[in-house]
Every structure is written in structure tokens, then in C-alpha cells.
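Worksheet for the structure shown next.
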Amino acid sequence: MLLSTVLLQAAAGVGLSKVGAAIGAGLAVIGAGLGIGKIGGSAMEAIARQPEVSGDIRMNMIIIAALVEGVALFAIVVCFLAL
């Protein structure tokens with residue numbers, strides 16, 4: 001299905017760079033969402049095991065989620081600059 005979409009866009013004259021940039025931006029968003037979800041789930045499991053260190057775990061979770069979000073934003077900007 002994806003290959004047929006790419007071929008239709010190439011035949012329409014849109015250019016493969018725009019299609020590639022759109023696919024790259026989509027993959028960056030999906031990857032960031034999965035990564036932040038995994039971070040949150042792991043942090044909740046860690047807090048359930050050791051509730052006395054919940055503040056430290058929460059702080060580390062927020063820092064790591066912000067770093068993942070920053071990388072995803074950078075990837076999306078690079079994809080849009082490829083247009």
C-alpha cells in the first residue's frame with residue numbers, strides 16, 4: 001500500500017522528496033510516541049515497586065521524556081527542511 005502511494009505521487013509529479021519527508025515526519029512522531037509511552041509505563045512499574053523513591057523516578061521520567069520529545073521535534077524539523 002505504501003509503495004503504491006509513493007508510486008502514485010511520483011507519477012503525479014509531486015516528487016519523492018516530499019513523500020519521503022512526510023513519511024520521515026510520521027515515523028518520527030510514531031517513534032517518539034512509543035518511546036514516551038514505554039518510559040511512562042516503566043516509571044509507573046518502578047514507582048509501584050518502590051513508592052518511597054517516586055519523586056526521583058518521576059523527575060528522571062520527565063527529563064528523559066523531554067529529551068525524547070526534543071529529538072522527535074528535531075527530526076520533524078529536518079524532514080520539513082528537506083521539502
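Quantities reported herein were computed from a predicted structural model and do not represent experimental measurements. Values below: every heavy atom of this structure, side chains too, minus hydrogens, waters and symmetry copies.
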Which atom names give the shortest non-hydrogen contact between [X] and [Y], and what distance separates them?
X: Met61; Y: Gly40; answer: SD-CA, 3.9 Å
X: Cys79; Y: Gly24; answer: SG-C, 3.5 Å
X: Ile47; Y: Ser54; answer: CG2-CB, 3.9 Å

Do [X] and [Y] sit in the same hydrophobic cluster, where Ile, Leu, Val, Met, Phe, Trp and Tyr count as joined when their side-chain heavy atoms come under 4.5 Å apart?
X: Phe74; Y: Phe80; value: no
X: Ile36; Y: Leu34; value: no
X: Val68; Y: Leu27; value: no

To the nearest 0.5 Å, tell me how far Arg58 CZ sits from Met44 CE.
7.0 Å
Knowing that exactly one of Asn60, Ile64, Leu67 qualifies, which makes a side chain to side chain contact (heavy atoms under 4.5 Å, CB included) with Ile39?
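Single side chain to side chain contact (heavy atoms under 4.5 Å, CB included) partner of Ile39 among Asn60, Ile64, Leu67: Ile64.
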